[in-house]
Every structure is written in structure tokens, then in C-alpha cells.
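The sequence lines fix the lettering, A, B, ..., with proteins before strands; numbering per chain opens at 1. Everything quoted here is computed from the prediction, not taken from an experiment.
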Amino acid sequence: MRPAILDGLNPEQRRAVCYERGPLLIFAGAGSGKTRVIVHRAAYLIENGVVPSDILCLTFTNKAAQEMKTRLRGILGTETSGVWAGTFHAFGAWFLRHEAHHVGYTRSFQIYDEADQRSLIAKCMKELNLKTERGIDATIAWIANISRDTLRDISKIPHRLRFDPLPVIALYEQKKRDFGVFDFADLLTVPSSVLTAMPPVRSRYQNRFQHILVDEYQDTNTAQYTLLMQLISQEANITVVGDDDQSIYGWRGADVGNILRFKDDFPGAEVIILEQNYRSTEDILEAASSLIANNLYREPKRLRAARGKGSRGLEIRELYDDEQEAASLAHTVDELIASGKSPAEIGVFYRINALSRLVEEAFVRRGIPYKVYGGIRFYERREIKDVLAYLRIIANPKDEEALSRCINTPPRGIGEKTLSELQRFARSRGKPTALILKEALEHSVVRGAAARGLKEFLSLVQVCSSGGAGSDIADMIEVIIERSGIKRSLEGELDGPDRLMNIRELMSSASGQTDLTRYLEEKALMSAMDVDAGDAVSVMTLHMSKGLEFDHVFILGVEEGLLPHSRSMDTSLDIEEERRLLYVGITRARRDVVLSWARVRAMYGRESFQIPSAFLAEICHST
DNA sequence: ATTAGCCATGTTTTT
DNA sequence: CATGGCTAAT
């Protein structure tokens, strides 16, 4: 046995790492070395003869998966790329690349993100002659998603629509099939149904993955749970790790019950509880514990501190207004950096993305290097989506959503009317619109300015599809932005230079890659979390902070209505999740935490008077 | 077909 | 505030 694998582990951790076969449940409190245990367990398995490709490791973010593989390589010093590590959604996508033909898809399917989904739903509503009020597409998307995430009937999902969304969702499902695309929920439910319906496929995958490790198990939803159960073989070499106190995705269908019921799913499962906290100083831990103790729905437990008192510990700051709050934050961060701290050891969290602006402004003013995670995600930017739409239509001509996004971007005379003419023509031929464009021109379905524009568009797509633009995706993008006129039209825009820079960034990330389908899949599943900050202060939502740690943590806007958020104060369960959110934030800190709140805060342009979060009192009573 | 500009409107968290 | 949908003008 390589000593490094068991070195420095406490008895419980060691027991978890060395557990031989069968189901294993690890309750791992914040900072108790969860990642360490997973990585070492995988290393232990490999060291003991398990082939890396027999191991499936499901994590919450791609970054966590990457981290795990890097650390694994660090311990074993050998190539471990055979370990399949990624998110449930990434796994679903990978599975479907191989098995989509069972459900009538090709392996070059596209994955629709939320924006694509909403836009397609809006189209369905139009087709059904329903009037599309503001935000209604988002509501229906939500219903369509949550019903599949929780495996509930659409009719069982409570909503306040004045009509039945079922026909819309049915049409949406139909169109997805026609276009050959999947949405996020499909990535979980479709693999699950393929595995259920096809025993030979099921046993093939069960055979392949002899050992399954699942991180953040408390945040799995019913669809993920069901998929997982299909993958587990008779032997049930399944290890799940989680912490019910850190369940913060209930609104997305996560069911803490999954982890609490594990013992029922697998009678005789080994249960190991990691309560020794190696991360935070004692006073931080005390504050966190007294806060979370107010939750009723949890397994009672107590983290033990392995570290002593911190320099500052926990501080609560009351500020006059949000500007002051940001200024005070920037001031303290400045001092920390001046005293030799690395910006990378500082984390700033808040409940809603909207708060990032003030932080950015204050940091810019002081010249503090920072990186904001989340918010408007890179791949959701207009210019990026435009370029990707071209790539998508090249990869999959059936993707009507992509076509309607790029066929007139930038404007080239092909309006709504021309497009629907083309679509009608396509339907009469029983082919995807993108494939009848040439025919349509020959038959003069379109004429005049529209025909000129269409010719341009068609020749561009043909050049790329036929490889005339080279096989490197970066070169392809270059051709696209030149010939489509995207570049020229951006040059005339106010924030054009920024947008062009984003496209350049996209190109450099694509450079050297040639597999278009695979590239697009990566982009579709990539989250803002998956890049590294470098030497900068990390700024993000509390949700994003899960799984990370910093010496110094600042949490802003700890006020009633914001944390707990006003939209999450209906039930005591909602409040408990909000409390867990703050708990997660506090337990990210190694040395000290500053919680701040402002008496006056600008909300939608008007000032609002705030009162401190009730959670602050729950922390103070004990300290 | 396109775009400028007005109005209303509504705000969580993300794979 | 900032986004989005709509109207009116080109």
C-alpha cells in the first residue's frame, strides 16, 4: 500500500477510504475533509486493482470533477483519466452520445439551455394561439423542468397560470424531438428511461461502472436519484457523500430525503460520520453551529473544531447604506492585501447576483483584482450565443432554434415573414429548414432583398459545413464573424469592442479543437464555476460558494428580505434552506468572517429601509 | 424589414 | 435599474 493514501487521515476518514465493497454513506460536515476522502477512496480502489475506467464519480460541478482528477493524479502519479468524473448532466450527455439512437436521436444532438428553452416555448404558445405575456415562457419552462426533475405529473405542479400549460409543454416536447435536441432535464430523464426500458444496455453500464462515488448527495433530485439507481449493480458498490445541513437546491427539486433514506434503500449500508472540522477556527464554527441548530429538519450533529481561535473570528457590521457596505468591504480587503494576504484567499458572497455591481465598483475604485462568478454567464452573452448558433446549425441542421437565431444575425433582410415562408416550404418537403434553403431560392420562395441575404447566409454555412473554413473551430469562427458581418456590425456598436473581445476569448478556447459536436456540448454544460480565479478576490453567490474555502470570507446584505430572501419566506422549510445558505457561506471561512448589513439599500432604483436578518440574532445569542 | 424609443414591469438561487 | 415588449416612423 502506497503510504500517501492513508497518511494524515483520521480514523473515520480512513474507515471511509478503506471500505471494501457494498453501499457506503458518509455524512461529511462542512470542512471535514469530504473531497479528500473521495479522492483518497478512489485512489485506494485503484491502488487495490480497480481499473480506473470502472469508476464513476459524480460531482456537483465540472470544476469539482477536474479537481478530483488532478488530485488523484497527484497521489497515484499515474494516468487516471480513465475515471469518469463529471456532473450528472454531463454524464447524461455522455450516455446519450452513445445511446441516443434508442430514442430516435442522432449522436450530434444539441443541448438547449434555459434561453433556448424559453424561446422555443414562446414559439409553441404562438402556435397554439395563446397570448405570450411577460415571463410566462419562464413559468412554463419552470413547470416543464421541475416536473421532470422531481418525476411528478405536470398536472401535479402548482402554478398560477390561467390556462393549462400541458398542451404547450406537449408541443414543446414534440418540437425538441423533431429538432433532435435535448434540454437539461432530458439529460437526466432520457438516460433513465433508456436504462429502464432496455435491460441489455442497463447491464452493460452496470458492468462498466463497478464503483460509483457521488458527491453532494444531499442536493440530488428525484431524476438524478432514479438515474443513479439504474446504474447501480447487484453488488452495489456505491459511495455517497453529503451533508444535510448544506442542502441548498431544494428549489431545483433537490430532495434531502435521498440522503436521509439511503439506509432504507440499502439495508446494511455502512454509515460513517465525519464531524471533525479541519477548516475553520473555533469561533467561526461556533457561530455556524448555533445558527444551524435552529433548523428542525436535520440530523442532530455537532462539528468539532480541530483548529484554535482565529485572529478576528466573526464580525457583524452594520452600515448606513449599501454604498458604505461596499466601501467598507473594499477597505478591509485592501488592508488584508496590503498586509500580504493573497487576493485568492478572499471570498465575497451575497444572496443575489444583483449585489455584485456595488462590489465591483468598489473594487475597481481601489484597484483590487477580483473575479465575479456567475451572473450573466459567458455563454449566455448575446454575441457568444450568436456565434454558437452558427456553429450549432452547422453541426445539426435540424436545430430550428439555432437557425432562427442566426439566419438574420446581423440583419440581412430575412424577417419573421420570410422565415415562416421558408419553414412552410420546408414542412411541405418534410425536411429541416436549413436543408431546403437552396431549393427555396431556386423555386423563388423568397425574392428581392431577402433572397440576396439568404444567398449570403447559405454560402457561409456551406463553406463551413464543407470544411472550406478549415477544421479548427477557431478558424471557423473567424470565417463566421467576417463573412456574416457580425464583426462589422459589432464594430459600430457602443459596447462592440467588449463583445468582440468576448468572441476572441471564445476563439482562443476553441483553438485546436475540431470536433464540433463535442465542443458545443462542453459549452452547453460549462458553468461559470469551472474557471479559475487566478490571483484575484472571488466574488459570487452563496450558492456558488458551496464546496470552496477561503481564509477570509465576507457576506453582504444579511438583511430580512434578502437573506432570507423575500421569495423564500413562505414556509418554514423555505426559511430553513435560507438558513443553510448562510451556514454554507460561514463555513467556507478558514480564519475569519465578516457579515454585514445596510440600513438603506437601493432596490430597483428606489431606496428601501432594511432590518437585520433574524439569522444574525441566532448567531449572536450564543456568542 | 428595421430600428429608435416609449412604456410598463418585475425581479433568487443553477446543472 | 435594466430588460423586454410594443408602437410608430423610416
Side-chain angles (χ1 to χ4, degrees), chain A residues 58-65 86-93 111-115 117-119 122 131-139 141-142 145-146 148-149 182-188 216 219-221 223-224 227 247-254 349-358 373-377 379-380 382 408-419 446 448-450 452-453 489 493 524-530 540-546 557 561-570 574 577-578 580-582 584-585 602-608:
Chain A
L58 296 168
T59 59
F60 203 71
T61 61
N62 293 309
K63 185 184 182 180
T87 63
F88 273 95
H89 290 86
F91 175 80
I111 300 166
Y112 270 20
D113 70 8
E114 198 193 320
Q117 188 181 31
R118 274 170 46 182
S119 141
K131 65 169 190 259
T132 62
E133 292 166 54
R134 66 271 146 186
I136 237 172
D137 50 349
T139 307
W142 155 261
N145 292 337
I146 197 76
R148 284 173 298 157
D149 277 340
F182 289 120
D183 62 18
F184 276 139
D186 289 328
L187 299 181
L188 305 176
E216 309 282 12
D219 279 321
T220 50
N221 59 36
Q224 290 167 324
L227 175 57
S247 165
I248 54 175
Y249 286 94
W251 51 273
R252 203 174 83 185
F349 315 145
Y350 36 71
R351 176 67 230 265
I352 59 171
N353 282 123
L355 293 199
S356 69
R357 258 184 81 137
L358 282 169
Y373 289 91
I376 326 106
R377 277 178 284 284
Y379 294 105
E380 280 167 16
R382 170 167 63 86
N408 198 32
T409 310
R412 52 172 77 87
I414 306 169
E416 209 178 318
K417 212 164 146 255
T418 309
L419 181 59
V446 290
R452 262 199 313 283
S489 90
E493 278 181 35
L525 295 174
M526 187 85 80
S527 87
M529 195 75 255
D530 302 331
M540 66 186 82
T541 61
L542 285 161
H543 281 89
M544 283 233 147
S545 77
K546 190 173 70 165
L562 217 46
L563 182 63
H565 193 272
S566 51
R567 292 270 304 239
S568 296
M569 293 172 69
D570 299 343
D574 288 339
E577 183 152 315
E578 297 289 306
R580 289 194 291 266
L581 215 34
L582 181 55
V584 165
M603 297 184 97
Y604 349 110
R606 63 174 63 254
E607 58 181 22
S608 143

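Between A/Asp149 atom CG and B/dT14 atom C1' the separation is 11 Å, expressed in whole Å. Atom CG of A/Leu188 is separated from atom P of B/dT14 by 18 Å (rounded to the nearest Å). With rounding to whole Å, A/Phe349 atom CZ is found 15 Å from B/dT13 atom C1'. Distance A/Arg118 CZ to C/dG5 P: 8 Å, rounded to the nearest Å. A/Ile136 places its CD1 atom 11 Å from the P atom of B/dG10, with the value rounded to the nearest Å. Nucleotide B/dT15 holds its P atom 18 Å from the CG atom of A/Leu227, rounded to whole Å. Atoms CD1 (A/Ile111) and C1' (B/dT14) sit 15 Å apart, rounded to a whole Å. The separation between A/Trp142 atom CH2 and B/dT15 atom C1' is 13 Å, rounded to whole Å.
At distances below 3.5 Å, not a single donor-acceptor pair connects side-chain atoms of A/Arg118 with backbone N or O atoms of A/Asp137. For A/Gln224 (side chain) and A/Phe88 (main-chain N/O), no donor-acceptor pair under 3.5 Å exists by modelled atom type. Checked by atom type and distance alone, the side chain of A/Asp219 never pairs as donor or acceptor with a backbone atom of A/Ala254 at under 3.5 Å.
Nearest-nucleotide positions on DNA chain B place A/Lys417 closer to the 5' end than the other of A/Lys417 and A/Thr87. Between A/His565 and A/Leu419, the one whose closest nucleotide on DNA chain B sits nearer the 5' end is A/Leu419.
When each of B/dT15, B/dT13, B/dT2 is scored by its nearest atom to the side-chain atoms of A/Phe184, the top-ranked nucleotide is B/dT15. Comparing B/dT2, B/dT15, B/dT13 by their closest approach to the side chain of A/His543 singles out B/dT13. In this structure, of B/dT2, B/dT13, B/dT14, it is B/dT14 that holds the atom nearest to the side chain of A/Arg252. Comparing B/dT2, B/dT13, B/dT15 by their closest approach to the side chain of A/Asn408 singles out B/dT2. Set against B/dT14, B/dA1, B/dT3, the side chain of A/Pro411 has B/dT3 as its closest nucleotide.
When heavy atoms are screened at a 4.0 angstrom cut-off, A/Asp113 is found touching no nucleic acid atom at all. Counting non-hydrogen atoms under 4.0 angstrom, A/Arg412 reaches the backbone sugars and phosphates but no base. Residue-level contact check: A/Thr418 touches the backbone only, with heavy atoms under 4.0 Å from sugar-phosphate atoms and none from bases. Heavy atoms of A/Tyr249 sit under 4.0 angstrom from primed sugar atoms or phosphate atoms, though from no base atom.
Between B/dT15 and A/Asn62, no contact under 4.0 Å exists linking OP1 or OP2 to a side-chain N or O. Within the 4.0 Å cut-off from OP1 or OP2 of B/dT14, not a single side-chain nitrogen or oxygen of A/Asn145 is found. The phosphate of B/dT15 (OP1 or OP2) has no side-chain N or O of A/Asn221 nearer than 4.0 angstrom. For B/dT15, the OP1/OP2 oxygens have no side-chain nitrogen or oxygen of A/Thr61 closer than 4.0 Å.
For the P atoms, the distance from B/dT13 to C/dG4 is 15 Å, rounded to whole Å.
The pair A/Arg148-A/Asp186 counts as a salt bridge, with a side-chain nitrogen and a carboxylate oxygen less than 4.0 angstrom apart.
Stacking of A/Trp251 onto the six-membered ring of B/dT13 is present: less than 5.5 angstrom between centres, less than 30° between planes.
Taking the ring centroids of A/His543 and A/Trp251, they lie under the 6.0 Å cut-off.
Note: A/Phe60 and A/Tyr249 have tilted aromatic rings, judged against thresholds of 30 and 60 degrees for the angle between ring planes.
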